[in-house]
Chemist: 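My structure is below; once you've seen it, I'll send some questions.
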Protein chains: 2
Amino acid sequence: MKIPSPSIPRISLYYRVLLSLKDKDIISSQELSELTGCSAAQVRKDLAYFGQFGRPGSGYNVEVLKTELKNILGIDKDWDVALIGAGNLGSALLAYKGFRGQGFNIKYVFDNDRKKIGKLKQGIKVRDILELKKATKQIGINLAVVAVPQEAAQEVIDELVLSGIKAILNFAPIRPRVSEDIKVLNIDLSTELERLSYFLQRRKV
Amino acid sequence: MKIPSPSIPRISLYYRVLLSLKDKDIISSQELSELTGCSAAQVRKDLAYFGQFGRPGSGYNVEVLKTELKNILGIDKDWDVALIGAGNLGSALLAYKGFRGQGFNIKYVFDNDRKKIGKLKQGIKVRDILELKKATKQIGINLAVVAVPQEAAQEVIDELVLSGIKAILNFAPIRPRVSEDIKVLNIDLSTELERLSYFLQRRKV
DNA sequence: CTAAATTTTGTACCTTTTGTAACCATAGAG
DNA sequence: CTCTATGGTTACAAAAGGTACAAAATTTAG
């Protein structure tokens, strides 16, 4: 069955909300609706794409649903992540505790700056970016976070793809060209700010 | 006219591409298509929502289009921005040069950490978050970036709204509740990673 | 210089995707 | 047993993207 792509971030959201629940065994789509801002029908539909998790008349078992959503999102197991770029943003990402808590372990850090290579950052050795190809092939990492300057991004991403990486979270303000079977998500701060700027400007009109 | 919301980030993308062009007076939707990955019809349609900028038979004048897109996005003028949270992520954002270059000036930095308050970060004084209300009222800032931990986020955002902020870029992994007239864009790293994780897991099936 | 051919925009129409609302069946309460 | 609450399903509506073509500008040919 074809699953609408907007459903996936919503599943993440439901999962986040479930995690924050205390002393609650059962939850209804109505309650989930109020906690997430999505319509109750949307909640039921999103969940129904993946199976029949609820019981008519009562609702969803919170523990069961948490387990199911973890399976759906693929976070029932841990993922090893490579981080490219140990500058300001890269360091901030490295320090962000949310990753490890969610099962994303930044296992390798690469940079091209001689001053950084060999040093430890958050207990992880910064490696020369030239080792990239070898390292990912050896260990079979298939998830990478790219936090390098715009000029270097396409080149780094090409190298990552050659190394067998299949999914990339890209913070550089470009839309990289990759082959069909690679998934790239772009987080572009300038674009987001421009969306807000657009909103602010239109607001008065 | 109703403008599809996905058009706005694409307009940003077109603008970014135009900036990178050298020695080019005229550009066609076809060329923009190749440079952005959007279809040529999509490009024309997006631009046509805002006016008739092109000339049949030749294309779009690059300089004119740049100016028009800046107007559309509201980045023809500068915006003053308040940054809340001077931790790892906040500091990285503060150091990011892209903001100032695009006309987004981080003018105020707030934090609740006594150790940070009063110190300078990137030449900007870190203020006590308690001053928030007063400061924004006085200066009329209406754009804020929230880079505080999850627990503090909703409270900070409530305070921002009270202070007259109209648009918020939120990095905390919550979906904050705000009134209708406030625009919030959420950047949630965990959700993005979970989307990638979902993709990786499904890939083999 | 004129007219035909070519290029390219802007838009009307169609298709696909996504979201909303209504309906039905079932579990549980009283 | 009856009634209410609730999930899953189906039908409908809205949003977004893709296709195709007329109109306009430019280029080419004669």
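All chains are named by letter (A, B, ...) in the order of the sequence lines, taking the proteins before the strands, and each is independently numbered beginning at 1. The analysis underlying the following values was restricted to heavy atoms, covering all of them including side chains, and did not include hydrogens, waters or symmetry mates.
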Chemist: Please evaluate residues L89(A) and Y96(B) with respect to the criterion side chain to side chain contact (heavy atoms under 4.5 Å, CB included), reporting the C-alpha separation (whole Å), side-chain torsions for both, the decisive distance (0.1 Å), and the verdict.
Modeler: CA-CA 8 Å; L89(A) 182 56; Y96(B) 177 52; over 6 Å; no
Chemist: How about V81(B) and L169(B): do any of their side-chain heavy atoms sit closer than 4.5 Å?
Modeler: no
Chemist: Round to a whole Å and report the spacing from CG of L32(A) to P of dA5(D).
Modeler: 19 Å
Chemist: Touch check for Q52(A), heavy atoms < 4.0 angstrom, all strands: base, sugar-phosphate only, or nothing?
Modeler: sugar-phosphate
Chemist: What are the two closest non-hydrogen atoms of V184(B) and P176(B), and how far apart are they?
Modeler: CG1-CG, 3.9 Å
Chemist: In whole angstrom, what separates E31(A)'s CD from dA5(D)'s P?
Modeler: 13 Å
Chemist: Would you mind reporting whether Q154(A) and I174(A) have side-chain heavy atoms less than 4.5 Å apart?
Modeler: yes
Chemist: Donor-acceptor check, side chain of D111(A) to backbone of A86(A), threshold 3.5 angstrom: yes or no?
Modeler: yes
Chemist: D128(A) side chain to L130(A) main-chain N or O, any donor-acceptor pair under 3.5 Å?
Modeler: yes
Chemist: What is the separation between atom CD on Q30(A) and atom P on dA5(D), rounded to the nearest whole Å?
Modeler: 12 Å
Chemist: Report each atom pair, protein N/O against N/O of nucleotides 1-4 of chain C, whose distance is under 3.5 angstrom.
Modeler:
none

Chemist: I'd like to know if the side chain of T36(A) and the backbone of Y14(A) have a donor-acceptor N/O pair within less than 3.5 Å.
Modeler: no
Chemist: Would you indicate whether the side-chain heavy atoms of C38(B) and R175(A) approach each other to under 4.5 Å?
Modeler: yes
Chemist: Do L189(A) and F171(B) come within less than 4.5 Å of each other through their side chains, counting heavy atoms only?
Modeler: yes
Chemist: Would you give a per-nucleotide map of nucleotides 17-30 of chain C, 5' to 3', where B means the base has a protein non-hydrogen atom under 4.0 Å away, S means only the sugar-phosphate does, and - means neither?
Modeler: -SBBB----BSS--
Chemist: Rounding to an integer number of Å, can you tell me how far I8(B) CD1 sits from dG17(D) P?
Modeler: 11 Å
Chemist: Expressed as a whole number of angstroms, how long is the span from I27(A):CD1 to dA5(D):C1'?
Modeler: 15 Å
Chemist: Starting from P on dT6(D), measure out to CG on N61(A) and report it in whole angstrom.
Modeler: 15 Å
Chemist: Could you give the CE-to-P distance, from M1(B) to dA12(C), as a whole number of Å?
Modeler: 10 Å
Chemist: How many whole angstroms separate atom CZ of F53(A) from atom C1' of dT6(D)?
Modeler: 17 Å
Chemist: Looking at S29(B), does any N or O in its side chain come under 4.0 Å of the phosphate oxygens OP1/OP2 on dT8(C)?
Modeler: no
